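One structure is given here, and the rest of the page talks about it.
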Amino acid sequence: MYFRKMLLASAALACAALPMKAMADTADKKIALSNNYAGNSWRQAMLTSWEKVTGEAVKAGIVAAADPFTTAENQATEQAAQIQNMILQGYDAIVINAASPTALNGAVKEACDAGITVVSFDGIVTEPCAWRIAVDFKEMGRSQIEYLSKKIPAGGNLLEIRGLAGVFVDDEISAGIHAGVAQFPQFKIVGSVHGDWAQDVAQKAVAGILPSLPEIAAVVTQGGDGYGAAEAFAAAKRPIPTIIMGNRQDELKWWKEQKDANGYETMSVSIAPGVSTLAFWVAQQILDGKEVKKDLVVPFLSITQDTLEANLASTQEGGVANVEYSQADAQKVIEAAK
Amino acid sequence: MKKILSSDTVRLLIPALSLTILLISVFYLQPRAMSYVGLNLLFNLAVPIALATIAQMLIMTVNDLDLSMGTFVSFVACITATFLQATPLIGVLMLAAAIATYAVLGVLIHVRNLPSIVVTLGMSFVWGGLAVLILPAPGGEAPGWVRAVMVSRPPFVPMAILACAIIAVVSHLLIMRSSFGVILRGVGGNARSVERAGWSILKARAATYALAAFFAILSGISLVGLTTSADANIALRYTLLSIAGVVLGGGEFTGGRVSPIGAVIGALTLTLAGSFLSFLRISPDWQIGAQGAILIVVLALRLLLNRLENRGKRP
């Protein structure tokens, strides 16, 4: 009798253990998020996405833990200390949005030496032992011109709204836009203003330059400035050109209103805050023993005429359109890099 | 007890006690920290903070305050990761010029009787600007020897602990035991009587500032040794951390009452407080508040002890 009971018990144990094993070999792995800043809507959305997606992953037994940590002040030395604490806490992988691309390298190296997988995203680190999920801002600029070349094959004059002067991202996106214009020479940039990624600044800047400009076929932007540009054109009583949007809720709302009123057509492109969840899955895949290249590229979140309504509905007031990535998405990104 | 322990020892008691309590709590929360590697990870970023704290303490010894400490350390970090690495001679010359600048600042503050807070606040923009000029984008590389020292693994005692002990002993000998140190503290305590005794306060102040710059430079170099590369904003936190470290370690803003060993312990306590809170999993929204609470508790304890001490002095 006793033997039979034992047998039954072990069979039950095996049954309980089996599905866990089949799901992933990372069931006992712990992943930490080291984040340097949480003070704007983009970062808040990033953290919310992390908690939502990793919470489900932990519940499903794919990983043992996925704890987010944010430093109290946006300082590299503080984040370096935070990463060293994570090494002590015994995490198997650390996902980083870094305060500085270089100042964390020492701590990242310590983590790598301790056998920890380090994946950086958005704010990436240059230490060679870490993985990087970078944003191809140049391509983000170039793709705008490519879209316009399909929509307006004849070409025309462009107004460029740039971001915050002196910031790396602004230079990159602008360089991409100029590369796009070189590729499609039917377009010509006739004016360029700095909108600082803010609607009010963009509106003022565009209103200031508009009287001196010829007819504008399209406005190329960097995100957070499309709605302000539209308002400036409307106030000057000029025909509203094709304005590329940047996934902000106010921009999408305006686009929807115009679309319903007069069939206005454009596109919208930006980086989804949910990129944190992509980094999480990439870390999980590396822990799972997958071969992953050190440099990966984040896909942008593009919104087209057809996907506008769905995205607008899922974006909260004053927020940014978001997308959370799945394990399959991460595998696709990893495959694409090979 | 009043007779056995000098007031300097009592002054050290609270910081040492709070560090011990924090350390025990950290070991309890994270037993992994109780090892050679663990201690090094816990404390290696405290080494540059300890050096910056000693620098700040020197300035505070002569009743001044340096609000440019963070930007100056960042500036040094940028030089270390660029010039000191590529062309060591020019790098050393630049650092020497920085020390000279500090000495001149000391003279200026003394001669024109300017508030040090205003002068150093102004200088913080100068150092910050120079740092951005030297290293417009984060990068650079730590010189090999700096990196080698900072990741070295001496036998038995982790580098971080050893370095902090050396800093504490050297600065203790310099400030508490040497005649130079006595003059410095005298300037903070009673400048007029030091002057009447025939010492030049001008020279003492200049020397203090130069020495502070020297320690701040060591701080910047060791920081780059840990991070491997620099960033123009790398050490902005050090201004407040260094002041908090001195005060936590039993130093006072006036009167030349400072304690080098206490300052190093204060720097270690501050570093450990951050780790402690992160091991406790306190949400970041509360962390600044919790860090402040630890500071207030330690300072309240000190105030209490000071009162007991004073009561004992009354006949």
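Numbered from 1 within each chain, the chains take letters A, B, ... in sequence-line order. Given the structure is predicted, the values throughout are model-derived calculations rather than measurements.
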What part of [X] gets closer than 4.5 Å to chain B, counting heavy atoms only: side chain, backbone, both or neither?
X	answer
A/Glu110	side chain
A/Thr126	neither
A/Asp67	side chain

task: Output the option from B/Val26, B/Leu42, B/Asn44, B/Leu29 having the highest count of non-hydrogen pairs under 4.5 Å with chain A.
output: B/Asn44
Output the distance between atom [atom1] ([X]) and atom [atom2] ([Y]), rounded to the nearest 0.5 Å.
X	Y	atom1	atom2	value
A/Ser100	B/Ile234	OG	CD1	6.5 Å
A/Gln75	B/Tyr238	CD	OH	10.0 Å
A/Gln82	B/Ser275	CD	OG	10.0 Å

Which atoms of [X] are under 4.5 Å from chain A, going by heavy atoms: the side chain, the backbone, both sets, or neither?
X	answer
B/Ile49	neither
B/Ala230	backbone
B/Leu226	backbone

query: Going by heavy atoms in the side chains, are B/Val37 and A/Leu88 under 4.5 Å from each other?
result: no
message: At a heavy-atom distance under 4.5 Å, which candidate from A/Ala80, A/Ala114, A/Ala103, A/Pro101 has the highest pair count against chain B?
response: A/Ala103
Test side-chain contact (heavy atoms from CB on, under 4.5 Å) applied to A/Thr77 and B/Leu223, step by step: CA-CA 9 Å; A/Thr77 45; B/Leu223 181 59; 4.0 Å; yes
- request: Please lay out, stage by stage, how B/Asp231 and A/Thr102 fare under the test side-chain hydrogen bond (donor to acceptor under 3.5 Å, both in side chains).
  value: CA-CA 7 Å; B/Asp231 181 322; A/Thr102 56; 4.8 Å; no
